[in-house]
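Input: a single structure, listed below in structure tokens.
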Amino acid sequence: MKQDFKPLLAKVEQAYHIIGKKWVNLIIHVLMEGPKRFSELHAIIPDLSKRMLNERLKELEECGLLNRVVIPDRPVKTEYSLTEKGQELGAALCHVEVWAMKWL
């Protein structure tokens, strides 16, 4: 019986590894409002350093939660948006936000 839970536990552990990193939830929350450029994200979350923001964006892109689109203007702009997978995670995290507002 315990072996039936091993795949589920591995996936849940992987999910918590992603969302448990500092700033990830806030970045996803901001991107739920729509696509943003790097400078916009940094302005909305000023306590997040540019280095850490860049690192988290790369991680979220590698996980398939984020799209990164380079817009060939002058100067070149990079825009970030959530994938369908990221949107679903954002919707799930909204429930945590509601809980936090009520209980914390």
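Reckoned from all heavy atoms, side chains included, excluding hydrogens, waters and symmetry mates. All figures in this text were calculated on a predicted structure; none of them were measured in a lab.
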Which value, rounded to the nearest 0.5 Å, describes the distance between E59 atom CD and N54 atom CG?
-> 10.0 Å

Connected via hydrophobic side-chain network under 4.5 Å: V96 and M101 | no

Taking atom CD of E40 as the centre, report whether more than 12 heavy atoms of other residues, nucleotides or ligands fall under 6.0 Å from it.
-> yes

When L26, I28, V98, V24 are each screened for side chain to side chain contact (heavy atoms under 4.5 Å, CB included) with L93, the one that passes is I28

With rounding to the nearest 0.5 Å, note down the distance linking NZ in K50 to CG in L41.
-> 12.5 Å

R56 side-chain N/O to K22 backbone N/O, donor-acceptor pair under 3.5 Å = yes

Steps toward side-chain contact (heavy atoms from CB on, under 4.5 Å) verdict (I18, L65) = CA-CA 10 Å; I18 294 167; L65 298 169; 3.9 Å; yes

Using the side chain to side chain contact (heavy atoms under 4.5 Å, CB included) rule, pick out the option among L60, L82, T83 that qualifies with N67.
-> T83

Is the count of non-hydrogen atoms from other residues, nucleotides or ligands lying under 6.0 Å from E33 atom CD greater than 12?
-> yes

Shortest non-hydrogen separation from G90 to M32 and the atoms involved | CA-SD, 3.6 Å

Nearest 0.5 Å, what's the NE2-CG distance between H42 and D47?
-> 9.0 Å

Does any N or O in the side chain of K36 come within less than 3.5 Å of the main-chain N or O of I27, such that one atom is a donor and the other an acceptor?
-> no

Atom CZ of R68 and atom OG1 of T78: how far apart are they, to the nearest 0.5 Å?
-> 5.0 Å

Spell out, yes or no, whether W23 and Y16 are grouped together once hydrophobic residues are joined by side-chain heavy atoms under 4.5 Å, including indirect joins.
-> yes

Same hydrophobic cluster for V69 and V76, using side-chain heavy-atom links shorter than 4.5 Å among ILVMFWY?
-> no

With hydrophobic residues grouped by side-chain heavy-atom distances under 4.5 Å, do Y80 and M52 end up in a single group?
-> yes

Does the pair E55/R51 count as a salt bridge with the N-to-O cut at 4.0 Å?
-> yes

